[in-house]
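Worksheet: one structure, shown below.
Below, all heavy atoms of this structure are taken into account, side chains as well, without hydrogens, waters or symmetry copies. Each chain gets a letter, A, B and so on, in the order the sequences are listed, and its residues count up from 1.
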Amino acid sequence: MKKNIYIGEILKNEEIQNDYFLMKVALNNSFAEPQPGQFVMIRIAGLSEPFLGRPISVYSFSRGKSFCTMELLYRVVGRGTKIMAGLIKNSQVEIHGPLGTPFAIFPAKEKIVFIAGGIGVAPLSLLAHHLCKNVCYDKSQMTFYLGAQTAEAIIGLDRLKKLCYDIHIYTDDGTLGGKSLVTQAFQKDIKKYQPENTVIYACGPNGMLSVLAKMLKSKKYNCQVSLEERMACGTGACMGCAVAIRDNNGALAYKRVCSDGPVFNLQEVIWE
Amino acid sequence: MKANEFPQMAVQLGKLKLKNPVMTASGTFGYGEEYAEYVDLNRLGAIVVKGLSLKPRLGNPPPRIMETASGMLNAVGLQNIGVDAFIAEKLPYLRKYDVAVIANIYGETYAEYQKVARKLNSAKGVHALEVNVSCPNVKKGGLSFGSDPKIAAEVTRKVKEETDLPVIVKLTPNVTDIALIAAAVEKAGADAISLINTLTGMSVDIKKRAPHLKNITGGLSGPAIKPIALRMVWQVVKRVSIPVIGIGGIMNAEDALEFLILGAKAVQIGTANFINPHATLDVIDGIKNYLFDNQIKDINEIICTFKS
């Protein structure tokens, strides 16, 4: 059969900022190349606890001669990620993926706006890399709004600086960049972006995304968001990772974050 | 046994012949398609599809799942596409495979169970029905049908009236005496019994002082429930003479063998699929290896050999 679970070997697993970790995993070269927005389910190989895999979006991927390497950027939020954070070099992990529907790419759009909150930077960073390298976007066409509660939660900035010319940083407490919510900062600039030639990609806490949804409600922007939810299978079978959306008839329906998503159109999601 | 001789793996559950005793558990394998890229579906004993209701069901609001010690809670609430869409859109795909398809059915009333059973009876490619009288996550039907022996028996009788297919009744462990329910559905004409469905449980978020699941309670599955499942299978096997299918926390061949030795004629693999999409095939291969290593030529020689 085509799909399998891969055993990855940890090359490094470091705390880059308080509670934020960067894990680098070596995988067999037959591992399929993850598209921006896709994720993997990761478990500690051979252990029965934590029981379920943890869905983590792919931060970077590169293929070498004898193996490929994948980076996962994650925040310690609970039991599973806490145990992950304790893994040392050469530990083995089960990697299931790449999973999920990636971001849609619109090469005809002139402007790309990224809006990330905290750890939401991870999939957008991979996307920015992909757009520079494979879709030939110029740095000047891409604007990145990155926000977090505080300076310690602004991560992935070094890499972003190589990818995007125009980076705007905001923190709720003003410890780094402007003192503002990232969504408010974007709203101030919104007239710079014409809906017909702009695509917006966003990832962050649900609070941030719901504010963005309200802001863009009557506007005609193409805005894609990547969502998070607890998952069990990652393949669309268990129906555990439901998100409420409006279907084509305007009725409430539940879609699966793992397989229908994690990328959704901002306006189809029902934000409570 | 010579190295080129493979153990005979086929089992007979009444009228239903399976090429091996390993099935998927309803709700953990989608409609089969979701795992076709991982598992050669032709190798499975049977595929039990996600529970089907008369009309499509929305399911419960999220969060729907929570990890627990050696298992998980779920409160999906039987989200499904409905029996008509299953027949039109999913069955044609499953018919391409040489595998027994068991349709798990659910209703809020006797009439709904009957209508779903009737539609599936005339659908090509369904080999048996599994009647869900045990879902803990829906307000109507489900568990309430399965916790009263009289009602469980009545559902069984009503479904039997509508179908010539073998009828398996899936029991809930959330009862005082599961053998009593088993005996009642056997008397009502059930062709087989599968057990156990999930155990009702809870998990509390101490930061929010609120439930982790929007539905508050959910069904516990995974290795955590295996000892309970084994005990209940043992109790039921002693009480009924129809075939019993063991379910509950099976992660590997050793777990499956425990159920078979106790007297289950077949097993279902559920939550294990979530963390190992190949779990079903691993169990099949593991059982074969066990039989081979122990010079046992036929799987049936191991079933119901428990010495107590």
Side-chain angles (χ1 to χ4, degrees), chain A residues 1-7 32 41-55 77-81 83 94-99 206 227-245 247 251-261 269-270 272, chain B residues 24-25 27-41 43 49-51 56-80 205 207 212-214 218 221-224 249 251-252 270-279 281:
Chain A
M1 294 291 106
K2 274 185 291 180
K3 287 195 181 173
N4 213 329
I5 292 199
Y6 282 74
I7 298 294
M41 296 290 279
I42 178 169
R43 285 186 83 245
I44 303 171
L47 285 193
S48 54
E49 298 287 325
F51 186 63
L52 299 172
R54 293 296 187 272
V77 288
R79 203 173 69 97
T81 41
I83 294 169
E94 293 171 8
I95 301 283
H96 182 192
L99 301 166
N206 278 359
L227 304 183
E228 266 194 321
E229 186 54 71
R230 289 202 292 262
M231 294 181 190
C233 72
T235 55
C238 77
M239 316 299 277
C241 58
V243 55
I245 59 123
D247 67 14
L252 169 86
Y254 290 112
K255 282 198 177 179
R256 300 161 296 187
V257 173
C258 73
S259 50
D260 299 314
V269 179
I270 300 172
E272 279 172 277
Chain B
T24 64
T28 65
F29 210 70
Y31 302 103
E33 239 174 314
E34 289 85 345
Y35 280 95
E37 286 186 289
Y38 297 90
V39 172
D40 179 1
L41 303 181
R43 289 195 56 202
V49 300
K50 174 79 186 162
R57 282 181 63 94
L58 206 52
N60 290 330
R64 291 178 170 180
I65 55 169
M66 183 63 200
E67 183 181 73
T68 59
S70 296
M72 62 179 282
L73 287 164
N74 92 80
V76 170
L78 286 172
Q79 178 174 352
N80 79 97
D205 183 333
K207 279 186 201 153
H212 275 122
L213 300 176
K214 186 82 173 178
S221 66
M251 299 300 287
N252 51 45
T271 304
N273 293 309
F274 299 157
I275 61 171
N276 172 14
H278 297 111
L281 301 186

Legend entry - Segment of A:S48 engaging chain B (4.5 angstrom heavy-atom cut-off): neither

Inset, instruction - Go through B:N276 and B:Y38 one step at a time and tell me if the side-chain contact (heavy atoms from CB on, under 4.5 Å) criterion holds. - result: CA-CA 10 Å; B:N276 172 14; B:Y38 297 90; over 6 Å; no

Legend entry - Parallel, tilted or perpendicular: rings of B:F29 and B:Y35 (30°, 60°): parallel

Inset, instruction - Look at B:R64, B:E67, B:E34, B:Q79 and state which one has the largest set of heavy-atom pairs under 4.5 Å with chain A. - result: B:E67

Legend entry - Segment of B:P56 engaging chain A (4.5 angstrom heavy-atom cut-off): neither

Legend entry - B:M66 versus chain A, the contacting section by heavy-atom distance below 4.5 Å: both

Inset, instruction - Using non-hydrogen atoms and a 4.5 Å limit, figure out which bit of A:R43 sits close to chain B: side chain, backbone, both or neither. - result: side chain

Legend entry - Residue, of A:A253, A:A242, A:A251, that accumulates the most heavy atom pairs under 4.5 Å with chain B: A:A242

Inset, instruction - Could you tell me whether the side chain of A:C241 reaches within less than 4.5 Å of the side chain of B:I65, counting heavy atoms only? - result: no

Inset, instruction - Report the option among B:G27, B:P61, B:A69, B:G270 that has the most heavy-atom pairs separated by less than 4.5 Å from atoms of chain A. - result: B:P61

Inset, instruction - Would you mind checking which part of B:S70 comes under 4.5 Å of any heavy atom in chain A, side chain (CB onward), backbone (N, CA, C, O), both or neither? - result: both

Inset, instruction - Please determine if A:K255 and A:E229 form a salt bridge, counting it only when a charged side-chain N lies under 4.0 Å from a carboxylate O. - result: no

Inset, instruction - May I have the step-by-step check of side-chain contact (heavy atoms from CB on, under 4.5 Å) for B:M251 and A:F51, ending in yes or no? - result: CA-CA 11 Å; B:M251 299 300 287; A:F51 186 63; 3.7 Å; yes

Inset, instruction - Dump the intermediate steps for side-chain contact (heavy atoms from CB on, under 4.5 Å) on B:K50 and B:V76, then the final yes or no. - result: CA-CA 11 Å; B:K50 174 79 186 162; B:V76 170; 4.0 Å; yes

